[in-house]
Amino acid sequence: MSKEKPSIPKGTRDFGPAVVVKRNYIFGVIRRTFEKFGYLPLETPAMEQLSVLTGKYGDEGDQLIFKILNSGDFLSKTNAADIEQGHKHLTRKISEKALRYDLTVPFARFVVMNRNEITFPFKRYQIQPVWRADRPQKGRYREFYQCDADVVGTDSLLCEAEIVQMINETLTTLGLTDFTIKINHRGVLAGIAEAIGEKGRESEICVAIDKLDKIGQEGVRKELLERGIAATAIDKLEPLYALSGSNENILEQLQTILGNTEEGQRGLQDLHQVWQYLKSLKSQALTAQNESGNPRLQLDVTLARGLSYYTGCIFEVKVNNVSMGSISGGGRYDNLTGMFGMPGVSGVGFSFGVDRIYDVLEELQLFPDSTQLGTQVLLVQFDKESELYALPLLQQLRDAGIASELYPEAAKLKKQMSYADQKNIPYVILIGSEEIATGKLKLRNMQTGEQQDSTLEEVIAKLNS
RNA sequence: GUGGUUGUAGCUCAGUUGGUUAGAGCACCAGAUUGUGAUUCUGGGGGUCGUGGGUUCGAGACCCAUCUUCCACCCCA
């Protein structure tokens, strides 16, 4: 073996103990919220058949899938002609498995494979890592966790309303107060395209206007013209950027603009229904205000995402006043299982991006102190006799629910004390010949330096208070 | 996938137009202090300068390749 420097693949990360504790705190909040709304956990394999994944995310997506080389002689099924036909052809010959790219497609596969055992509507959540062969950037990794909740087998817009509720509850519990849940509808987007005389071109229009806050109105105009959208159509489109007023107000304005298009009407009715549900649920998303004075839930006709598969409502969540992209997104897809030969099943779901939520909580210093707690008390030993004396005490402390540890060898006091100091252990108990003789333990407060002689019962009472 | 950017001790970084033996702060280890951490003092270990080639009498510095970091596109959590 050469002594090479070890490293980890590009875009992947190790998580140290302090980070894992904080991440688990986020996972816990998300998991409890999902379960409170009746979603149950599902886990699927890290790898799927490559054929299950390809073609589900578009051409761009296919390139970002991590393929797994066949085991053994992966060239056994190939010949020289295969290489000449290019990498796409060759890939199918040397790779049959791939790492999962998201949690939605494996979920759809699971639903199709288990359709006879599942009771619909089927609500599941899934918290697992996914892999993308993307080029890493801030907040973008090649291995990251997604936290999905989806329900399939119902068209009810109550699901959409509950998604808003779950987003609001999760982020509120995490201590966030200033965030915006953007909502839009594919029907509205299609209706807009039709109303401005570019029916059927909504994908191109949406890709451009989704960048509005990034490249500005002029940038969008330029891009639309490049994509062949008529200037007269763009003139009709631009007033929509500036729609203002309450959400109800915007809905009314949209009604007059695209109410006579079939798709637009479908979208507006859906959105209206979602608002009705949220009102009856007395949703905080409608009543709570951000620092800017706007409600948390905002209808945004420039929101366009997941165009390749979403068909109904679409969501995106942005934390305000932090430099971070969306931390959550989702929408309704009418035909997800259709790609696996099971048509007519509608689903709706969304996902939290834990890595980004972590960065936001860190930036806003919203992690609670409890995520920093470790060992409460360290027992310091001097020799074999004090170790033997300490062991039953150690067990009694643990039985009392106090996180405690005994330094595992009779190292120098300085060494043991430094250990407590560096692990931020707030208390140390010294057990030497004096303490054994008197039966009184020496409890040292590492913050103040105060020491006092106490019985074990007094120590337990103090640490549990 | 396209275009940039970064890499020197565990960490943050110096290092002059290419010139002797590559430095600092923090961290680490040991001692001052054989029953007391964080503070103080003294001493010490640790680098094939990301990796591999090349130019040169001479490369941490210049050139090429490759890996990595970060950024802008594309796209996306």
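On a predicted model such as this, the values are computed, not experimentally measured, just so you know. Each chain gets a letter, A, B and so on, in the order its sequence line appears, and its residues count up from 1.
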For the CE atom on A:Met47, are there more than 12 heavy atoms of other groups (residues, nucleotides or ligands in this structure) within a distance under 6.0 Å?
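Atom CE in A:Met47 is not crowded, with 12 or fewer foreign heavy atoms closer than 6.0 Å.
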Is the count of non-hydrogen atoms from other residues, nucleotides or ligands lying under 6.0 Å from A:Asn464 atom CG greater than 12?
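Counting neighbours around CG of A:Asn464, more than 12 heavy atoms of other residues, nucleotides or ligands fall under 6.0 Å, so yes.
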Can you give each donor-acceptor pair under 3.5 Å made by side-chain atoms of residues 359-367 of chain A, sequence neighbours left out, with the distance rounded to 0.1 Å?
| unit_1 | atom_1 | unit_2 | atom_2 | d |
| --- | --- | --- | --- | --- |
| A:Glu362 | OE1 | A:Lys22 | NZ | 3.4 |
| A:Glu362 | OE2 | A:Lys22 | NZ | 3.4 |
| A:Glu362 | OE2 | A:Tyr358 | OH | 3.4 |

Stem finding on RNA chain B, please: runs of three or more consecutive Watson-Crick or G-U wobble pairs, both distances under 3.5 Å, sorted by first number.
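Looking at RNA chain B, the stems formed by three or more consecutive pairs are B:1-4 with B:70-73, B:10-13 with B:23-26, B:28-32 with B:40-44, B:50-54 with B:62-66.
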Do the two ring centres, one from A:Tyr309 and one from A:Tyr57, sit under 6.0 Å apart?
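No.
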Would you say the rings of A:Phe34 and A:Tyr125 are close, in the sense that their centroids are separated by under 6.0 Å?
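When the ring centroids of A:Tyr125 and A:Phe34 are compared, they turn out to be within the sub-6.0 Å range.
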Pairwise [atom1] distance for [N] and [M], with rounding to whole Å:
{"N": "B:C71", "M": "B:C13", "atom1": "P", "answer": "15 Å"}
{"N": "B:G46", "M": "B:A27", "atom1": "C1'", "answer": "12 Å"}
{"N": "B:U5", "M": "B:G60", "atom1": "P", "answer": "23 Å"}

Would you call A:Arg142 and A:Asp134 a salt bridge, using N to O less than 4.0 angstrom?
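Looking at A:Arg142 and A:Asp134, the cut-off is not met.
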By side-chain contact (heavy atoms from CB on, under 4.5 Å) - contacts of A:Glu162 (at least two apart):
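Expected list: A:Phe37, A:Lys123, A:Leu158.
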What nucleic acid atoms does A:Gly11 come within less than 4.0 Å of, heavy atoms only: base, sugar-phosphate, or nothing?
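Counting heavy atoms under 4.0 Å across all strands, the contact made by A:Gly11 is with sugar-phosphate only.
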Pair listing, ring-ring contact (aromatic ring centres under 6.0 Å, His included) test, anchored in residues 406-446 of chain A, at least two apart
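Listed by first then second residue: A:Tyr407-A:Tyr419.
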Once you round it to whole Å, what is the distance between P of B:C70 and NZ of A:Lys10?
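So the NZ-P distance, A:Lys10 to B:C70, works out to 10 Å.
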Sequence-aligned protein contact record of nucleotides 71-77 of chain B, with B where the base is within under 4.0 Å of a protein heavy atom and S where only the sugar-phosphate is
SBBBBBB
Scoring nucleotides 34-45 of chain B by protein non-hydrogen atoms under 4.0 Å (B base, S sugar-phosphate only, - none) yields -BBBS-------
Would you sort out whether A:Tyr101 and A:Glu48 count as a side-chain contact (heavy atoms from CB on, under 4.5 Å), showing the intermediate values?
CA-CA 9 Å; A:Tyr101 178 87; A:Glu48 292 279 347; over 6 Å; no
Of the options A:Leu176, A:Asp178, A:Val29, which is the one that meets A:Leu171 in a side chain to side chain contact (heavy atoms under 4.5 Å, CB included)?
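Only match with A:Leu171 under side chain to side chain contact (heavy atoms under 4.5 Å, CB included): A:Leu176.
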